[in-house]
Amino acid sequence: MAHAENLRTLAKQGYMKEAMQLLYAMNQSDSYTYASLLEACARSKSMALGTQVHKHMKKSGFQPDVILQTKLVGMYLKCRNLDYARQVFDEMPERNVVSWTAMIAGYAQQGEEEKALELFSQMQQAGTIADGITLSNVLRACAGAEALEQGKQVQAYIVKAGLGSDVILGSALVDMYAKTGCIDKARHVFDEMPHRDVISWNGIIAGYAKCGRMEDAQKVFDEMPERNVISWTSMISGYAQHDYCEEALTLFCKMQALKIRPDEVAYASILRACASLSALEQGKQVHAQDMASMVSLKRHYSFLNRCSRRA
């Protein structure tokens, strides 16, 4: 008992080497202790140690319950190993909504949208009722796969389940419709939301920017109660992408005046705008700031070269 408590304490504090030594000194542990180890491995993204914990469970003959098996799936997903996660998932004698959601989210977040949607279909066939977290990840997969019809079906499911006022699902629907080219439908969902967060506002801005409706994007941007770096970046990249280079540069200057630190996308977009305007000096200043912020710069050098040739 004392060994288990010490092991859990070590794992929570990040002393994994010492925790594993204690584990190997024990013939078998308990669910609580194994869970602490798997959570620590997930936090540190240490698949090597997580695999050792998994092997210890098997070797000792320990039979994990659905909660611990789901943590095992989650650990492999945190370590970005979809194959191992799916293997554990497929071997589970029973699954709950958390198990299904973890695997669906793993696929959706790692670019395997079609597999996420296929698994959601299997989840429905198994009779497991999806919750809001499940549905938000399914909508993310629909957006990534541009699966409009499936997205519409998910929206119908949301309405039927009485989840239409959920702000996370509303934002996910806005994003899905915007990314599948249905910007007017995205705006309708946005307008119908009883509550909005910065994610939903950013989603509609990005949707307008994607299809070149920069006046609409600017109007929404101006109406935002609060903005974050993504809000500014969506506008700047939208202007630059559609050759509104002066507007992009003006907005970038306003962003700097407000002491908002640009991200890599904003830097790349404004360098593109500087190149189009032959704005060599501004381009050099942005490049210098970019270097100071330790952002990857290799892909930016060509923009400065273009500025020099046009100056």
Side-chain angles (χ1 to χ4, degrees), residues 73-74 76-78 80-83 85-87 89-90 95-193 196-213 216-217 220 230 234 237-238 241 265:
V73 171
Y76 282 126
L77 290 174
K78 281 285 187 180
R80 302 189 66 80
N81 194 313
L82 287 169
D83 291 338
R86 184 59 188 263
Q87 183 179 338
F89 179 83
D90 287 342
R95 307 180 185 109
N96 59 20
V97 64
V98 181
S99 316
W100 286 98
T101 299
M103 199 66 234
I104 290 169
Y107 280 134
Q109 292 167 12
Q110 296 186 42
E112 296 284 356
E113 292 90 354
E114 295 291 347
K115 290 182 179 179
L117 295 176
E118 179 183 343
L119 198 62
F120 178 60
S121 177
Q122 293 176 20
M123 176 183 177
Q124 291 178 298
Q125 292 171 11
T128 305
I129 298 174
D131 62 13
I133 300 174
T134 315
L135 296 170
S136 66
N137 280 285
V138 173
L139 286 170
R140 178 174 182 163
C142 290
E146 297 188 359
L148 177 60
E149 291 306 314
Q150 285 170 286
K152 288 179 178 179
Q153 292 172 17
V154 175
Q155 184 181 21
Y157 186 106
I158 290 169
V159 172
K160 186 176 180 180
L163 298 172
S165 62
D166 187 294
V167 67
I168 294 175
L169 291 176
S171 298
L173 280 167
V174 169
D175 182 66
M176 184 275 296
Y177 279 121
K179 287 181 177 176
T180 52
C182 299
I183 186 59
D184 291 330
K185 182 65 175 176
R187 183 58 196 253
H188 177 74
V189 172
F190 179 82
D191 288 340
E192 291 293 314
M193 291 176 67
R196 305 179 188 118
D197 59 10
V198 69
I199 297 174
S200 49
W201 285 91
N202 287 344
I204 198 68
I205 287 173
Y208 278 136
K210 180 182 178 181
C211 60
R213 290 169 58 173
D216 290 327
V220 174
I230 297 174
S234 295
S237 61
Q241 181 182 352
V265 177

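All residue numbers in this chain count up from 1 along the given sequence.
Distance alone, capped at 3.5 Å, places no donor-acceptor pair between the K179 side chain and the G144 backbone. Without hydrogens or angle criteria, R95 side chain to F89 main chain gives a donor-acceptor distance under 3.5 Å.
Side-chain contact check for T101 versus N96: every heavy-atom pair is 4.5 Å or farther apart. Here the side chains of D191 and R196 are in contact, with some heavy-atom distance below 4.5 Å. Between L82 and K115, the closest side-chain pair of non-hydrogen atoms is not below 4.5 Å. Residues V220 and R187 meet the side-chain proximity criterion, which asks for heavy atoms closer than 4.5 Å. Between V174 and M193, some side-chain heavy-atom pair lies under the 4.5 Å cut-off.
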Please table the atom pairs, donor to acceptor, closer than 3.5 Å between any side-chain atom in residues 164-173 and protein atoms at least two apart or in another chain.
unit_1, atom_1, unit_2, atom_2, d
D166, OD1, I168, N, 2.9
D166, OD1, L169, N, 3.0
S171, OG, V167, O, 3.0
S171, OG, D197, OD1, 3.1
S171, OG, S200, N, 3.4

Tell me which donor-acceptor pairs under 3.5 Å the side chains of residues 118-125 have, and how far apart each pair is, sequence neighbours excluded?
unit_1, atom_1, unit_2, atom_2, d
S121, OG, Q125, NE2, 3.4

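With rounding to the nearest 0.5 angstrom, the SG atom of C182 is 10.0 Å from the CD atom of E146. Here CD of Q109 is found 5.0 Å from CZ of R140. Values are rounded to the nearest 0.5 Å. Distance check, rounded to the nearest 0.5 Å: CD1 of I104 to CD1 of I133 gives 12.0 Å. Atom OH of Y107 sits about 7.0 Å away from atom CD of E112, to the nearest 0.5 Å. For the atom pair E114 CD and L117 CG, the distance stands at 6.0 Å (nearest 0.5 Å). Rounded to the nearest 0.5 Å, atoms CZ (R213) and CG (D184) are 5.0 Å apart.
L77 and Q110 get closest at one heavy-atom pair: O-NE2, 3.4 Å. Contact detail for K152 and Y177: the closest heavy-atom pair is CG-OH, 3.6 Å. Of all heavy-atom pairs spanning N137 and A105, the tightest one is OD1-CB, 3.3 Å. Taking both residues in full, the closest heavy atoms of I129 and Y157 are given as CG2-OH, 3.9 Å, listed atom of the first, atom of the second, then distance. Of all heavy-atom pairs between C142 and V154, the closest is SG-CG2, 4.5 Å. Listed here is the closest heavy atom pair of A116 and A141: CB-CB, 3.8 Å.
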task = Evaluate side-chain contact (heavy atoms from CB on, under 4.5 Å) for Q155 paired with L135, printing each intermediate quantity in order.
result = CA-CA 9 Å; Q155 184 181 21; L135 296 170; over 6 Å; no
key: Verdict with supporting geometry, L139 and D175, side-chain contact (heavy atoms from CB on, under 4.5 Å)   = CA-CA 8 Å; L139 286 170; D175 182 66; over 6 Å; no
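More than 12 heavy atoms of other residues, nucleotides or ligands lie within 6.0 Å of CG in L163, so this atom counts as buried by the packing criterion.
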